[in-house]
There are 2 protein chains.
Amino acid sequence: MSLRNILLGMLSSPASGYDLKRQFNQGLRHFWAAELAQIYPTLQKLEKDGLLAASMEPPAQGPPRKVYRRKGTGSKAVREWLKEGPQFRRDRISYLAQVYFLDELPNAADAKTFMLELRAGIESQLTELRTIEQGWKSDDPRYPDEAFYPHLTLQLGLTRLAATLKWCDESIARMEQRN
Amino acid sequence: MSLRNILLGMLSSPASGYDLKRQFNQGLRHFWAAELAQIYPTLQKLEKDGLLAASMEPPAQGPPRKVYRRKGTGSKAVREWLKEGPQFRRDRISYLAQVYFLDELPNAADAKTFMLELRAGIESQLTELRTIEQGWKSDDPRYPDEAFYPHLTLQLGLTRLAATLKWCDESIARMEQRN
DNA sequence: CCAACCATGTAACTGGTTACATGATTTA
DNA sequence: TAAATCATGTAACCAGTTACATGGTTGG
């Protein structure tokens with residue numbers, strides 16, 4: 001259900017499915033990912049439901065694009081989604097499930113290897129996020145003021161990853177004390 | 001795929017589907033939730049695949065239970081899952097998707113209401129987690145030493161929620177400055 | 001001309017949720 | 001005896017992923 005709302009939100013200005021995928025990669029992928037194979041059918045459904053209008057546009061260059069425009073009903077749907085209040089869907093954290101069972105590894109060194117790999121993964125996510133922020137800064141000098149709420153989401157991403165990294169270090173230290 | 005591995009991990013001692021659901025509610029629900037409608041068929045599949053053995057056991061009291069036992073192949077599968085290294089599946093955060101589009105609300109007061117509700121939700125998750133920790137403490141006085149890794153997962157939950165709460169407060173403050 | 005990229009789509013499958021069905025046992 | 005809880009399951013559906021198919025356009 002959420003992808004529908006997200007696409008509606010992104011369509012405050014007209015865009016094609018391919019455009020939207022690019023936007024996902026730039027601004028939303030740190031808290032939401034979507035594949036084209038899911039985006040295209042969802043847009044078709046939104047058009048059928050009367051929330052979007054579609055038109056084929058042969059552009060100045062490149063292959064023909066199907067551009068979607070948000071209708072009044074579409075904008076209303078976004079506002080209703082936001083007025084429902086925050087949605088707390090229990091998110092699953094795969095690697096935490098693994099940490100939970102780490103005692104199943106008979107060799108303590110294997111558990112430590114796991115945690116070091118985890119730390120490395122989190123750290124690379126952190127640098128990735130900082131790269132996104134740099135991109136935003138260079139795209140528009142008015143950032144972060146011109147993108148107030150997107151900036152907030154990025155801040156939470158950075159904050160959480162920093163906290164997770166700290167947790168990794170503390171956990172590894174405790175594992176060493178445990179021996 | 002992960003639920004299979006989690007169930008295998010939980011079955012270091014024999015249990016029924018219903019037991020496992022209870023364990024989910026106690027120890028894992030802060031990073032993974034599962035319904036009985038998913039647990040039962042998954043256990044059946046694991047039995048069919050030869051990783052678990054099942055036996056009907058008419059207990060001293062209560063209705064008959066189907067108890068599953070992990071076989072050697074099952075334990076091996078858990079170790080292999082852990083040796084693959086940490087799985088980073090991009091987690092989706094619904095409420096962040098909503099925050100991203102909060103400018104769609106024409107009335108700034110509505111956006112603030114949203115953030116306050118978000119803060120309240122996070123806070124209640126935090127108290128819920130602290131309640132779980134208290135439960136663990138009273139269940140076993142040796143905690144957290146006897147449950148080292150489960151304790152670590154709880155710590156991350158607490159750390160992240162505290163960080164998120166701080167972010168909420170800072171964000172609300174920025175929104176007020178923005179006017 | 002070929003590789004890389006732009007652009008749209010369908011089909012099959014997996015994982016997970018919601019709703020429903022059934023019945024035994026325990027407790028108030 | 002009625003309600004709550006224990007206990008196991010199936011069916012229909014929804015969301016999301018992976019793999020595949022197709023073809024236009026641009027740049028080396």
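Here is how names work: the chains are called A, B, and so on, in the same order as the sequence lines, proteins then strands, and each is numbered from 1. These numbers come from the heavy atoms of this one structure, side chains and all, not from hydrogens, waters or symmetry mates.
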Filtered N/O pairs between nucleotides 4-6 of chain D and protein, under 3.5 Å:
from	atom 1	to	atom 2	distance (Å)
D:dC6	OP2	B:Y18	OH	3.1

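Regarding contacts with the backbone of C:dA7, every side-chain N or O of A:K21 stays at 4.0 angstrom or more from both OP1 and OP2. At least one side-chain nitrogen or oxygen of B:R92 sits closer than 4.0 Å to the OP1 or OP2 atom of D:dT17.
When hydrophobic clusters are built by joining Ile, Leu, Val, Met, Phe, Trp and Tyr residues whose side-chain heavy atoms come closer than 4.5 Å, directly or via intermediates, A:V67 is not grouped with A:L36.
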field: CA sep, side-chain torsions, deciding dist, call: A:S55, A:R69, side-chain contact (heavy atoms from CB on, under 4.5 Å)
entry: CA-CA 8 Å; A:S55 60; A:R69 278 180 184 75; 3.3 Å; yes

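Computed from coordinates, the B:E47 CD to D:dG9 C1' distance equals 14 Å when rounded to whole Å. D:dA15 atom C1' lies 9 Å from atom CZ of A:R89, rounded to whole Å. To the nearest angstrom, P of D:dT17 lies 11 Å from CZ of A:F24. Look at CG on B:D91: it is 12 Å from P on D:dT17, rounded to the nearest Å.
Remark: A:D91 engages no residue in a salt bridge (Lys or Arg N to Asp or Glu O under 4.0 Å) (not counting sequence neighbours). Evaluation of the salt bridge (Lys or Arg N to Asp or Glu O under 4.0 Å) rule for B:R130 yields no partner, not counting sequence neighbours.
The pair B:D19-B:R65 meets the salt-bridge criterion, since a charged nitrogen lies less than 4.0 angstrom from a carboxylate oxygen. Taking the charged nitrogens against the carboxylate oxygens, A:R4 and A:D49 do have a contact shorter than 4.0 Å, which makes a salt bridge.
If B:R90 and B:G17 are placed on DNA chain D by their nearest nucleotide, the residue sitting closer to the 5' end is B:G17. Mapping A:S2 and B:D19 onto DNA chain D via the closest heavy atom, the residue that lands nearer the 5' end is B:D19.
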What pairs of donor and acceptor atoms, side-chain ones from residues 148-158 of chain A against any protein atom, are under 3.5 angstrom apart with sequence neighbours left out?
from	atom 1	to	atom 2	distance (Å)
A:H151	NE2	A:Q155	NE2	3.2
A:T153	OG1	A:P150	O	2.6

Donor-acceptor contacts, no H, no angles, side chain residues 101-109 of chain B, under 3.5 Å, sequence neighbours left out:
from	atom 1	to	atom 2	distance (Å)
B:E104	OE1	A:R70	NH2	3.0
B:E104	OE2	A:R70	NH1	3.2
B:E104	OE2	A:R70	NH2	3.3
B:N107	OD1	B:A109	N	3.1

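Between A:Y143 and A:W136, the ring-plane angle classifies as perpendicular under the 30° and 60° cut-offs.
Comparing C:dT8, D:dG24, D:dG9 by their nearest atom to the side chain of A:P64 picks out D:dG24.
Of the residues in residues 32-44 of chain A, those placing a heavy atom less than 4.0 Å from an atom of DNA chain C are A:L36, A:A37, A:Y40, A:Q44, in numerical order.
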